[in-house]
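What follows is a single structure, written as structure tokens, with notes after it.
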Amino acid sequence: MNTRVLTGITTSGTPHLGNYVGAIRPAIQASQQNNVDAFFFLADYHALIKSEDPALIARSRLEIAATWLASGLDPKRVTFYRQSDVPEIPELCWMLTCVTAKGLMNRAHAYKASVDQNTAKGVEADDGINMGLFSYPILMAADILMFNAHKVPVGRDQTQHLEMARDIAQRFNHLFGQGHEFFVLPEAVISEDVATLPGLDGRKMSKSYGNTVPLFEGGAKALNSAIAKIVTDSRGPGEPKDADASHLYLIYKAFAQPSETANFHAELSAGMGWGDAKKRLCERIEQEMGRLRAHDEDWMAHPDRIEEILQEGARKARAIATPFIHELRQAVGLRSLATSRTASSSQPNKKEKASGKSARYVTFRDEAGQFRFRLLAQDGAELLSSIAFADPKQAGAAMRALQQAGAQACLKLEGTLGLLIVQGEQVIAKAPDSASTEQREQLIATLTVAMPPSDAA
Ligand code: TRP
């Protein structure tokens, strides 16, 4: 299986250099590797926590989407979507909320920082804090666990959230998995050299500090005037500078090749003036960003194209999320009443299975002499029908693999009404087309109950 890499950017501001260097650029590089499945998204539900300005959120969604695309994200390779287009995410968030200890959230840095500020101001501890801010790590866990991401590239300030996501995943697995691990435990990826870019004032560049250098907005002019505001020490031209302690140098390093960086370092040590250093920094950033800015302007002028790409991304994301949330609904007990056998037993009971009273497989040879199998419901209705195999051993092996893995692991949505059964990349069977999406959801539920993974049964 490929490594799943997932990351999101909160759409509550204009993309800045820190987003580009710390998140967008490394994520796009990772997505270009062969053994990686990348999931990049606009964290627009997260944006509601911090902003009550609809126009700002709408604008930011467009700008951040355009930035990803202008920076080279290939929507054919990457599943690129908006969080708010995947309703399974908030549904999962609620399931996770119900297994998360409140005490865990009390310890979240972002929440504690707000409480500390309130205490320092002498107001009530929770003054101005909404429940979104308080439980935001759970929404972030849902973002990650929904797609069972292995690796999550984030800034260092997010490591605690990844630990919390692992905690929550483990708890859910333990409570409902009966030995089956629903969720992969995700790992944070923090690249040492690009971890955090200093902002104008030297603190981490972040929209929450208002110390950012805009990436594209305002063009080269805005870039130059922001860089002019970066704080430096008071050493004049000709005086040796401490390059390593300089924010300018750290930003330069994030854009330049090692040899250029070494040069810049040497010239600062030899007394290059801060004014000249800023000019050099602007030129170097412009060399990389000028080209991308032209793409960005093009995307910003065509929001309809971006919308189309995001809709397609949501479709791809939901092809994974819909069957998975069904599986999780089954696990927590939110099951279709039509498929429940007895009020007291959750799994199809072993006796029933052994006597073949629930769904059963039948194998047969078709007119062309090829080997096939079907899964039939208790009432004889066809639940799925396999492709033709030349060799009966192959047909048998595919059927056994399916019994082992269970239906949920193999389901893949096709169009709006179709349902495929896949093993790896290969389609091995098809369910009859449903008449409506509701009917398809019902079918998924039926298959989930009829074909549990064999180790969980
Ligand atoms: N909280 C992240 C930030 O502020 C953004 C984010 C939301 C995210 N959901 C995520 C990042 C899931 C990685 C994975 O930077």
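For the numbers below, each heavy atom of this structure counts, side chains included, while hydrogens, waters and symmetry mates do not. Counting starts at 1 for both ligands and their atoms, following the listed order.
Phe41 and Tyr81 have parallel rings, their planes meeting at less than 30° on a 0 to 90° scale where 60° marks the start of perpendicular. Ring planes of Phe172 and Phe176: tilted class, angle from 30 to 60°. Relative orientation of the Phe40 and Trp68 rings is parallel, given thresholds of 30° and 60° on the angle between their planes. Ring geometry, Phe264 versus Tyr249: the interplanar angle falls under 30°, so the pair is classed parallel (tilted spans 30 to 60°).
Ligand 1 places these atoms under 4.0 Å from at least one heavy atom of Val152: 13 (C), 14 (C). The Thr10 neighbourhood of ligand 1 comprises atoms 4 (O), 5 (C), with distances under 4.0 Å to a heavy atom of that residue. Residue Leu6 approaches ligand 1 through these ligand atoms, each under 4.0 Å from one of its heavy atoms: 14 (C). Of all atoms in ligand 1, numbered sequentially from 1 with element shown, those under 4.0 Å from a heavy atom of Val154 are 11 (C), 13 (C). Close approach of ligand 1 to Phe41 is summarised as follows: ligand atoms under 4.0 Å from at least one heavy atom of the residue are 9 (N), 10 (C), 12 (C).
Here's the thing with Lys50: none of its N/O atoms is less than 3.5 angstrom from an N/O atom of ligand 1. Note: an N/O pair closer than 3.5 Å links Asp143 and ligand 1 by distance alone. The shortest N/O to N/O separation between Thr7 and ligand 1 does not fall below 3.5 Å.
Looking at atom 7 (C) of ligand 1, its nearest protein heavy atom turns out to be His46 NE2, 3.4 Å. For atom 6 (C) of ligand 1, the closest non-hydrogen atom on the protein side is Gly8 O, 3.7 Å. Looking only at heavy atoms of the protein, atom 3 (C) of ligand 1 is closest to Gln158 NE2, 3.4 Å. Considering only non-hydrogen protein atoms, atom 1 (N) of ligand 1 sits nearest to Tyr136 OH, 2.8 Å.
Of the residues Val184, Asp37, Val36, the one that meets the side-chain contact (heavy atoms from CB on, under 4.5 Å) test with Arg4 is Asp37.
Ring centers of Phe324 and Phe183: under 6.0 Å apart, within the cut-off.
Between the side chains of His247 and Asp201, no donor-acceptor pair of N or O atoms lies under 3.5 Å. For Asn130 and Tyr136, the side-chain atoms include no donor-acceptor pair closer than 3.5 Å. For Asp85 and Gln311, the side-chain atoms include no donor-acceptor pair closer than 3.5 Å.
Of all the heavy atoms of Tyr45, none lies under 4.0 Å from any atom of ligand 1, so neither backbone nor side chain is involved. For Ile144, every heavy-atom contact with ligand 1 shorter than 4.0 Å involves the side chain, none the backbone.
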